[in-house]
Amino acid sequence: MSNTKEKKYTPAAIEDKWQRYWREHGGFIATPDPDRPKYYALEMFPYPSGRLHMGHVRNYTIGDVVARYKRMRGFNVIHPMGWDAFGLPAENAAIKTGNHPAHWTYDNIAYMRGQLRQLGFSYDWQREITTCRPEYYRWEQLIFLEMLKKGLVYRKKTSVNWCETCHTVLAREQVEDGCCWRCDSEVIDREMNGWFFRISNYTEELLDGLDHLDGWPEKVRTMQKNWIGKSHGAEIEFPLKNSRETIKIFTTRPDTVFGVSFMSLAPEHPMVTELIKGYKNAAAVWEFIDRVKREKIARGPGAAEEKEGIFTGAYCINPFTGDEVPIFLANFVLMEYGTGAVMAVPAHDQRDFEFAKKYDLPIRVVITPAGETLAPETMTEAFTGAGTLCNSGKFDGSDSDEAKAAITAMAEKNSFGRARVTYRLNDWGISRQRYWGTPIPIIHCPDCGPVGVREEDLPVALPEEAILLEDGHSPLAGLDLFVNATCPECGKAARRDTDTMDTFVESSWYYARYCSPRNETSPFDKKEAAYWLPVDQYIGGVEHAILHLLYARFFTRVLRDLGYLDIDEPFKNLLTQGMVTLDGAKMSKSKGNVVDPDEMIKRYGADTVRMFILFAAPPDRDLEWVSSGVDGCYRFIARFFRFFHQHLAVIKDAAAIPKELERQNLALHRITHQTIVKVEAEMERGFHFNTAISKVMELANALYAACGEDTPPPAPEVIREAVRTIILLLSPMIPHIAEELWQEMGETDSISRAGWPKIDADATKEDEITVVLQVNGKLRGKVKVRPDTDNDELEAMARADAGIQKFTAGKTIRRVIVVKNRLVNVVAN
RNA sequence: GCGAGAGUGGCGGAACUGGUAGACGCACUGGACUUAGGAUCCAGCCCACGAGAGUGGAUGGGGGUUCAACUCCCCCCUCUCGCACCA
């Protein structure tokens, strides 16, 4: 071969050739087939922000290997891709550049689709969906209407961040230091009507379901569990002094109710107006409320540095003691949790303790810790643990856990309280005062109120001719053609709802739409969905661990209850891939530490980029982009390419493996089959691509060594088998070069249709294994023996070993432990 | 503060149910081939002592169980992530 000109590895040409081949041969189109096991591989679809970043490349590479691997294992694989195409960045870009959100979005999609093709991902492009198209969102509107009929959608007032100058609602991230990001004027808290999905109907089910999602990372399940935040406690009503009204509180510590010394209400509590009526300091209270609200907006989510409050002038009565309790407003009480009112027990709650100290309110000890006494004067912090009740009337002496039940029972008996479960999770507010989203299919009639659009009038199309206004006004509200409508019930002139849906709604059901993406009569075909769903492997970033995944789980149940699906959970297995870092930090444009996928593909080819991403770290861990590591992967591919062509002529027409192999052939044949076993195990054990690749590298190293100059080369058929196996095992990871070499070996069909290599179990058996010899657990020698050599023989060999004798000399052998096929440990002293 | 996860060579990372710690790759060092190479090939590469054979030490720290511990148990330290005034 030395005089033949060496063939060069040219990734660009090879990759282009096979991408075209797959495209022209409809390689990855999925069709239901009841006779084959299905496999649904799905990666979180991207927001078309402009171009792919390395995080996308990693996400989709992992997904593609899963899909290709499962295809080789005989599964009927569906592997779709689409675009989460509604969202705020399109509007921002429109305002900035004057480019319409639709144009901006479609341009980005076209570019990013090209990038995905260049990476060689095996998608069924016939199933591509784009959520900003009416053919998609019309079904979302239908689902909304069906949910409305079922009582799963309702309207209520909600507080929003409002910019007076821009006349618009701002998202949390659009508020900077309490001011509007665009015009810099102050943001105020405003009550607006909006639509809510009644996720609370499913809270328990969503919580219980987590226990059965054993294909999900523990971490994600815990995060969702905490997010749902279930807590058991009691609801107790404290009657107002001189009034028939009561203040309802929620507490997890009803056992401390005798220690209540004041009451804390959220500043937004609806009873505030009534409470401070006629109070001489009412003006100061209003000022306080106003200030707390402003501070809350400015600070964003999170706790204020200091606890603050103000007395309302009003009192309520502790129904257990008859004591008068002063009512305060406090900046740390949340309206969105519980009842927005808290009974304050300073001795046993740290927040109440700090508050009481600051405002000099009484501290009453009602729980005594075991073996200790507490005195309010000497306490430096609240005691929040369990103990024995005191100063609690007839409950004195009882254990705090028992007292919780007893006190709740007493409240229930006297009908001023009851046991209650409270969740942190609230209903899902979906109204967004934005343009680039799915229009909410509602018409507001002056007589009939809000009425759902008739199904035959769907979709309520987003008017694309709308012009985005510089000031951020929603263009829908100003567009008469869109707003003016007639009431579907009474026919009177009415106004369309000008809000759009939260974009999380689109991503809550897209996996079902992929099952029949062109269906024109319903959101998706029930039969197709029943065949393909649930998703067998879902892959995406942890940043979606809570919201997206929780909403999707909610939607699956809603669709089930609407009769579309017969499953409870959408994603059987979940893989959350780690982030891609450079110099130890997450890649981000603002930090300037980004690696551009296009550049990498141009320089190394998609196969090398894919291989590096898979090899550098296990999929669930962070991946540090190291260019020398990429070089290493390129080197591996190029070297194999060279080796392949040096031996092609010899192995191309080599015969099948004969039954009897000579020694020098046996070794390589054995390693080849052992490698298949190992790679298969790594793939099945949670997609450990990094170790799978390293096993193939070991085979390649063995192959190169066997064909080296100092040993007689193995027979052509054995080399051929090793080469074929390497190509097959790596084909899910580096599909282009795999196709190319596969074809050069004389194969006529695509390697993507080839099966996973078959293991010859006999071939994997070793004829000689190394047994380790130890003295007191320390390695002192090794012997090579036949597998399954019996224990007595092993022990005898160990005793005869020079190394063992050296270290047992002058000592008494106390025990000899023999582990078959592994080791002999001689215990001596 | 609460919850979860992780600490192994210069680096990324291996080690399945306890059984040769450091696979595979990168970096580095030496050599070969070369007009040259940052190409390619071969070899070495945890630390200490030693010319070498070898000996001892080593998986964040400390203790324990065991013939045997990266792996199991207890205590502590550090880092990352999530939630964060949730009553």
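First the proteins, then the strands, lettered A, B, ... as listed; each starts at 1. Bear in mind the structure is a predicted one, so any value in this text is a computation, not a measurement.
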Quick one: does NZ or CZ of Arg780(A) land under 6.0 Å from the six-membered ring centre of Phe807(A), within 45 degrees of the ring axis? yes

On the ring face of Phe355(A), is Lys307(A) found with NZ or CZ under 6.0 Å from the centre and within 45° of the axis? no

Between Phe262(A) and Tyr359(A), is the ring centre distance below 6.0 Å? no

Is the distance between the ring centroids of Tyr604(A) and Phe612(A) under 6.0 Å? no

Got a list of side-chain donor-acceptor pairs under 3.5 Å for residues 679-691 of chain A, not counting sequence neighbours?
| unit_1 | atom_1 | unit_2 | atom_2 | d |
| --- | --- | --- | --- | --- |
| Glu680(A) | OE1 | Trp756(A) | NE1 | 3.1 |
| Glu680(A) | OE2 | Arg73(A) | NH2 | 3.4 |
| Glu682(A) | OE1 | Arg685(A) | NH2 | 2.9 |
| Glu682(A) | OE1 | Thr691(A) | OG1 | 2.8 |
| Glu682(A) | OE2 | Arg685(A) | NH2 | 3.4 |
| Glu684(A) | OE2 | Tyr69(A) | OH | 2.6 |
| His688(A) | NE2 | Arg685(A) | O | 3.0 |
| Thr691(A) | OG1 | His688(A) | O | 3.1 |

Give, for atom CD1 of Ile804(A) and atom CD of Gln774(A), the distance between the pair rounded to the nearest 0.5 Å. 8.5 Å

Specify the separation, in whole Å, of atom [atom1] of [X] and atom [atom2] of [N].
| X | N | atom1 | atom2 | answer |
| --- | --- | --- | --- | --- |
| Tyr704(A) | C42(B) | OH | P | 10 Å |
| Leu699(A) | A23(B) | CG | C1' | 15 Å |
| Arg685(A) | A14(B) | CZ | P | 9 Å |

What nucleic acid atoms does [X] come within less than 4.0 Å of, heavy atoms only: base, sugar-phosphate, or nothing?
| X | answer |
| --- | --- |
| Glu698(A) | sugar-phosphate |
| Gly338(A) | nothing |
| Asp352(A) | nothing |
| Val816(A) | nothing |
| Pro217(A) | nothing |

Should stems be defined as at least three consecutive Watson-Crick or G-U pairs with both distances under 3.5 angstrom, which of them involve RNA chain B? B:1-7 with B:77-83, B:10-12 with B:24-26, B:28-32 with B:40-44, B:46-49 with B:54-57, B:60-64 with B:72-76

Check the phosphate of [N] against [X], side-chain N and O only, distance under 4.0 Å to OP1 or OP2. Yes or no?
| X | N | value |
| --- | --- | --- |
| Arg642(A) | C41(B) | yes |
| Asn226(A) | A84(B) | no |
| Asn331(A) | C85(B) | no |
| Ser231(A) | A87(B) | yes |
| Arg424(A) | A84(B) | yes |
| Arg621(A) | G5(B) | no |
| Lys296(A) | C85(B) | no |
| Lys778(A) | G57(B) | yes |
| Arg822(A) | C16(B) | no |
| Arg780(A) | G54(B) | no |

Taking the six-membered ring for Trp, are Tyr551(A) and Trp428(A) parallel (under 30°), tilted (30 to 60°) or perpendicular (over 60°)? parallel

Look at the aromatic rings of Phe504(A) and His548(A) and report parallel, tilted or perpendicular, splitting at 30° and 60°. parallel

Counting primed atoms, P, OP1 and OP2 as sugar-phosphate and everything else as base, the B/S/- map of nucleotides 65-72 of chain B against protein heavy atoms under 4.0 Å is --B-----

Of the nucleotides [options], which has the atom closest to the [X] side chain?
| X | options | value |
| --- | --- | --- |
| Lys806(A) | A87(B), G82(B), G54(B) | G54(B) |
| Thr770(A) | U20(B), A87(B), U40(B) | U20(B) |
| Glu682(A) | A15(B), C42(B), A87(B) | A15(B) |

Please compare Thr222(A) and Asn690(A) by the position of their nearest nucleotide in RNA chain B and report the one closer to 5'. Thr222(A)

Comparing nearest nucleotides in RNA chain B, the 5'-proximal residue of the pair Thr251(A), Lys219(A) is Lys219(A)

Give me the distance, rounded to whole Å, that separates U71(B) from G1(B) when you measure between the C1' atoms they each carry. 32 Å

